[in-house]
Number of protein chains: 2
Amino acid sequence: MRQQLPDMDARSPSDNESPWLPFESRRRARDEKREAVLRTAVALFLEQGYHRATLNDVAKRLNITKPALYNYFRGKDEILFECWAIGNELVDECIAETSAGVGSGLDKLRKLTVRYAELMTTDYGKSLVRFDIRDLNEDNRKIVQTAKRRIDRAFRDYIAQGVADGSVKPCDAKLSAFAIAGSLNWIGHWFQPGGAMTGRAVAEEFAIRLTEGIATTSTRKKADKPPRKGNASREEQGEHHARTAARAAGQSKRARNRLR
Amino acid sequence: MRQQLPDMDARSPSDNESPWLPFESRRRARDEKREAVLRTAVALFLEQGYHRATLNDVAKRLNITKPALYNYFRGKDEILFECWAIGNELVDECIAETSAGVGSGLDKLRKLTVRYAELMTTDYGKSLVRFDIRDLNEDNRKIVQTAKRRIDRAFRDYIAQGVADGSVKPCDAKLSAFAIAGSLNWIGHWFQPGGAMTGRAVAEEFAIRLTEGIATTSTRKKADKPPRKGNASREEQGEHHARTAARAAGQSKRARNRLR
DNA sequence: CCCGTATATTACCCGTGGGTAACAAATAGT
DNA sequence: ACTATTTGTTACCCACGGGTAATATACGGG
């Protein structure tokens, strides 16, 4: 009786994909649905704010009803935490990649800055800085706090390393890290896709701007030509999607938070 | 019957002053109480977050009960807005003072940066960046958005002015302003009084650090000696308190938001 | 001394939204 | 086909907190 026109849903195979087509054909992999919930939730939490966004809103956007969400999560705060956790995995990958690479302290600082900045233009990245830690339960709050310290440590270590190898002017690593990370975190508050600049463009601009104050070498090597259409940046975009896919596949640990 | 021991309250004349001594002697200037509500509310909203902090909490901390708050405010969101408005007045004063002064674009940018940074270490300053605009009604939200644009404009104008007069390297004023203001705004998220550095110390460090990247002249003139005990900085502290007092007295416009 | 106004209290309303219970439909295995 | 399991649904509970009504207390002016 509620068989509303299937044409409406067949119109877009990967539009803003919800695995739950209105009522029928809801056979699908569990984890796929779980991730769909998180995608929708993080978007809604960012749009409306965690407290204004209700679970009914989340469910409605997925063509299901609120109690169905409880098949995948214990409650609202767990959804919040899982959204954050995905963002955190992405940050961890940034740090891991950067640390694995070669280069001076300044090089690594810049590399991390670019990656982190671009992450801040995505939903899961924003969740790292716009969600309120106090909405989590005791355990998860501790996890988040520890992770935040880890990120801060990464910035600080690269700066200290740069001071040691001469690529960075002598400075207070702690304060410099706060200054840089703060500026990057703030991106998560104002960036909106669809604006004048892409996330990648913003990231590259910020990386230069934020590090040129403490670098010993001048940053002004190339002219101000916009880095559009460079095959290098195109390649990196591909890499980005590869990373996202890899994360989706390798969510190993969190994936078995299942209970039932 | 509820005459709880007056010793407990007589112990501290200016401790964490609430004009409502437990039950008696509640004759006091109206505006003084109104401001006390705001002081308490902003502190609580920052501690707990706006949605977790209840009006009962606010009232309890003032030794009164929830409905009494409605003698001074129409509702919770108006309290939030008024807290924000005080912070905004303080910012406006920073901008006005800076614009009134003399100096190059870089000088002004630095001056504003110092003042703004220090403001971010205070409760009312934090309210500017930690309160969620979406908790306000339509009208107030517009006011806040306009004010935010004004602040951004100030940073941008000083940078552009600096580029024009040669004190600032040629750069995209918009992005540079975002980078600087973002870093400063983030102070409001991590600074806690009682830490290793005072608000003023953080402010001065950030002002140097954030502007040295775009300045044409090197910032490294004086050594790293902490600027304590300088008569100039002492004078500025005095000036700061004078400003605070002036604001308390001259809240002219908002003060007659009275209705009844 | 009495009354009006301001300001506080107690008692209450009620919308909201997270969470649960009971039940139904689809799926997979045998 | 029959049944167990998964995964939905509908209907409900109830704690919480913003907001209001009715009322009491203090103060200030005639």
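Note that the structure is a prediction, hence the values are computed from the model and not measured. Naming: A, B, ... by sequence-line order, numbering from 1 per chain. Just so you know, these numbers use all the heavy atoms, side chains as well, and skip hydrogens, waters and symmetry mates.
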In whole angstrom, give the distance that lies between atom [atom1] of [X] and atom [atom2] of [N].
X: B:His51; N: C:dT16; atom1: NE2; atom2: P; answer: 14 Å
X: A:Glu78; N: C:dG19; atom1: CD; atom2: P; answer: 10 Å
X: B:Tyr50; N: D:dC16; atom1: OH; atom2: C1'; answer: 15 Å
X: A:Ile64; N: C:dA26; atom1: CD1; atom2: C1'; answer: 16 Å

For [N], take OP1 and OP2 only and decide whether either is under 4.0 Å from a side-chain N or O of [X].
X: B:Arg30; N: C:dT7; value: yes
X: B:Tyr72; N: C:dA8; value: yes
X: A:Asn71; N: D:dG8; value: yes
X: A:Lys66; N: C:dT20; value: no

- Query: What does B:Ala53 touch in the nucleic acid at a heavy-atom separation under 4.0 angstrom: a base, only the sugar-phosphate, or nothing?
  - Reply: sugar-phosphate
- Message: Considering every strand and a 4.0 Å limit on heavy-atom distances, what is the contact class for A:Thr54: base, sugar-phosphate, or nothing?
- Response: sugar-phosphate
- Heavy-atom neighbours of A:Arg153 CZ exceed 12 at 6.0 Å: no
- More than 12 foreign heavy atoms under 6.0 Å from NZ of B:Lys174: is that the case here? no
Residue [X], side-chain atoms from C-beta onward, closest of [options]:
X: A:Pro67; options: D:dT9, C:dT9, C:dG18; answer: D:dT9
X: A:Thr65; options: C:dT7, D:dT9, C:dG19; answer: D:dT9
X: A:Tyr70; options: C:dT7, C:dG18, D:dT7; answer: C:dG18

- Item | Interatomic spacing from OH in A:Tyr50 to CG in A:Leu80 - rounded to 0.5 Å | 5.0 Å
- Item | Euclidean distance, A:Gln192 CD relative to A:Thr121 OG1, rounded to 0.5 Å | 11.5 Å
